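The structure appears right after this line, and notes come after that.
It should be emphasised that the depicted structure is a prediction, and the values quoted were computed from it without experimental measurement. Labels below follow one simple rule: chain letters A, B, ... track the order of the sequence lines, proteins then strands, and each chain is numbered from 1.
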Number of protein chains: 2
Amino acid sequence: MQTTPAATEHDPNPADICSAPPRRHPRPDGQDSYTISEVVAFTGLTAHTLRWYERIGLMPHIDRSHTGQRRYSNRDLGFLDFVTKLRLTGMPVADMVRYAELVREGDHTFGERQELLESTRRDVLTRIAELRDTLAVLDRKISFYADGVREYEREHAGC
Amino acid sequence: MQTTPAATEHDPNPADICSAPPRRHPRPDGQDSYTISEVVAFTGLTAHTLRWYERIGLMPHIDRSHTGQRRYSNRDLGFLDFVTKLRLTGMPVADMVRYAELVREGDHTFGERQELLESTRRDVLTRIAELRDTLAVLDRKISFYADGVREYEREHAGC
DNA sequence: TATGGCCTTGGAGTGCACTCCAAGCAAGCG
DNA sequence: CGCTTGCTTGGAGTGCACTCCAAGGCCATA
């Protein structure tokens with residue numbers, strides 16, 4: 001119980017949940033085989049989630065040690081980084097699985113993959129625009145608060 | 001069944017689901033009382049969702065007609081627009097309810113509301129930064145595809 | 001006056017993305 | 001040898017944000 005808490009299967013301490021983002025360890029060089037708990041430390045994902053990603057076909061079948069334990073390669077970690085980025089865009093997991101399938105199907109899916117990435121790119125641009133919009137609204141509201149104008153009057157003004 | 005489809009309780013035609021965003025009607029001027037189906041047309045939310053927002057205390061109690069039907073005011077619509085923007089930021093509904101409660105509690109919650117808005121603002125900035133990051137990754141990947149470089153080689157390159 | 005359309009309610013159901021559980025195996029250590 | 005630690009599995013459970021249902025009220029038009 002005194003060992004590195006980040007390496008266990010359990011929840012992070014609830015008290016930490018708001019105070020710190022899941023700090024990601026840098027991955028060591030010159031190695032191409034990581035246990036699941038190392039990957040947990042690198043990516044901030046839980047071991048549950050990593051196994052689940054494999055079950056649903058988002059990850060390819062991960063290499064195993066002679067005792068059957070997962071050994072992630074640098075390539076797997078690269079793919080995980082990519083997946084994590086896509087997740088931030090709000091892309092559904094099912095779509096990411098679709099992309100992963102295309103990768104596994106080989107070169108003849110090139111066009112489809114490119115399309116998928118480009119449509120994702122458009123979505124990201126849209127989301128950024130929406131967020132900017134929201135930011136403008138927030139800034140306006142915040143400046144009203146700073147000026148001491150009542151919420152009531154703001155609401156009433158028709159926006 | 002031949003009347004305006006947007007005004008019914010049912011799903012939009014599944015065939016339309018990808019083709020068009022829920023187009024929002026402009027709200028007519030000089031009026032301060034709208035039925036739930038009008039609000040559906042203005043906001044793109046479903047009637048279910050509107051009633052649910054009220055049940056959980058996200059919306060204040062909406063005015064009723066003499067027959068007990070909801071009549072939304074322009075102020076309610078303004079609040080709904082704001083809520084819709086907050087939703088886009090990924091803010092949990094529970095937090096929005098908290099904000100709504102603060103508004104209802106009156107002027108002495110000014111400070112807390114301002115803080116909440118400012119922390120939301122920081123979150124939005126963070127999300128925009130993440131999305132930009134993701135955009136850069138996508139652009140890199142897309143340009144590799146455009147150059148005909150194999151996915152395999154990209155993955156292998158260590159990113 | 002009867003039909004259709006829009007509205008009401010509480011409660012139950014859905015889909016997504018995890019998240020956890022119980023049972024069990026393998027390795028390292030005293 | 002026994003204990004602890006870390007890992008394995010399939011399947012069940014959780015939390016969020018809706019989403020739908022059944023039963024019924026009101027009211028305008030045919």
Inspect the contact between A:Arg51 and A:Glu54 and indicate whether a charged nitrogen and a carboxylate oxygen are less than 4.0 angstrom apart. no
Can you tell me if B:Arg51 touches the phosphate of C:dT9, counting only side-chain N or O atoms and a distance under 4.0 Å to OP1 or OP2? no
Under the 3.5 Å rule, do the base of C:dG11 and the side chain of B:Arg55 count as making a donor-acceptor pair? yes
Just to verify, what does A:Asp123 make a salt bridge (charged side-chain N to carboxylate O under 4.0 Å, His left out) with, not counting sequence neighbours? none
Nucleotide nearest B:Gln69 (side chain, heavy atoms from C-beta), chosen from C:dC7, C:dA26, D:dC27: C:dC7
Could you check how far CG of A:Leu50 sits from P of D:dT9, rounded to whole Å? 12 Å
Any Lys/Arg nitrogen of A:Arg121 or A:Glu115 sitting under 4.0 Å from an Asp/Glu carboxylate oxygen of the other? no
Using a heavy-atom cut-off of under 4.0 Å over every strand shown, decide if B:Thr35 touches base, sugar-phosphate, or nothing. sugar-phosphate
Please state how far atom CD1 in B:Ile56 lies from atom P in C:dG10, giving the value in whole angstrom units. 14 Å
If only atom types and distance count, is the side chain of A:Thr35 paired as donor or acceptor with the main-chain N or O of A:Glu38 below 3.5 Å? yes
N or O in side chain of A:Arg64 less than 4.0 angstrom from D:dT9 OP1/OP2: yes
Report yes if a side-chain nitrogen or oxygen of B:Arg70 is closer than 4.0 Å to either non-bridging phosphate oxygen (OP1 or OP2) of C:dT9; otherwise report no. yes
Please work out which residues in residues 87-96 of chain A have a non-hydrogen atom less than 4.0 Å from an atom of DNA chain C and list them by number. A:Arg87, A:Pro92, A:Val93
Tell me the interatomic distance from A:Leu86, atom CG, to C:dA17, atom P, rounded to whole angstroms. 13 Å
Exam field: side chain B:Asp32 to backbone B:Asn74, donor-acceptor pair closer than 3.5 Å: yes
For atom CD1 of A:Ile62 and atom C1' of D:dT9, their distance in whole Å: 16 Å
Whole angstroms only, please: what is the CD-P distance between B:Glu54 and C:dG10? 10 Å
Which residues satisfy the side-chain hydrogen bond (donor to acceptor under 3.5 Å, both in side chains) test with A:Arg122, sequence neighbours excluded? none
Ignoring backbone atoms, establish whether B:Ser37 has a side-chain N or O less than 4.0 Å from OP1 or OP2 of C:dC7. yes
How long is the line joining CH2 of A:Trp52 and P of C:dC16, in whole Å? 10 Å
Rounded distance (Å) that lies between atom C1' of D:dC18 and atom CG of B:Leu58: 13 Å
Specify the residue among B:Tyr53 and A:Arg71 whose closest nucleotide of DNA chain D lies further upstream toward the 5′ end. A:Arg71
Could A:Lys85 and B:Asp133 be called an ion pair, given the rule that one side-chain N must be under 4.0 Å from one carboxylate O? yes
Nearest to the side chain of A:His48, heavy atoms from C-beta on, is which of C:dT19, D:dG6, C:dT8? C:dT19
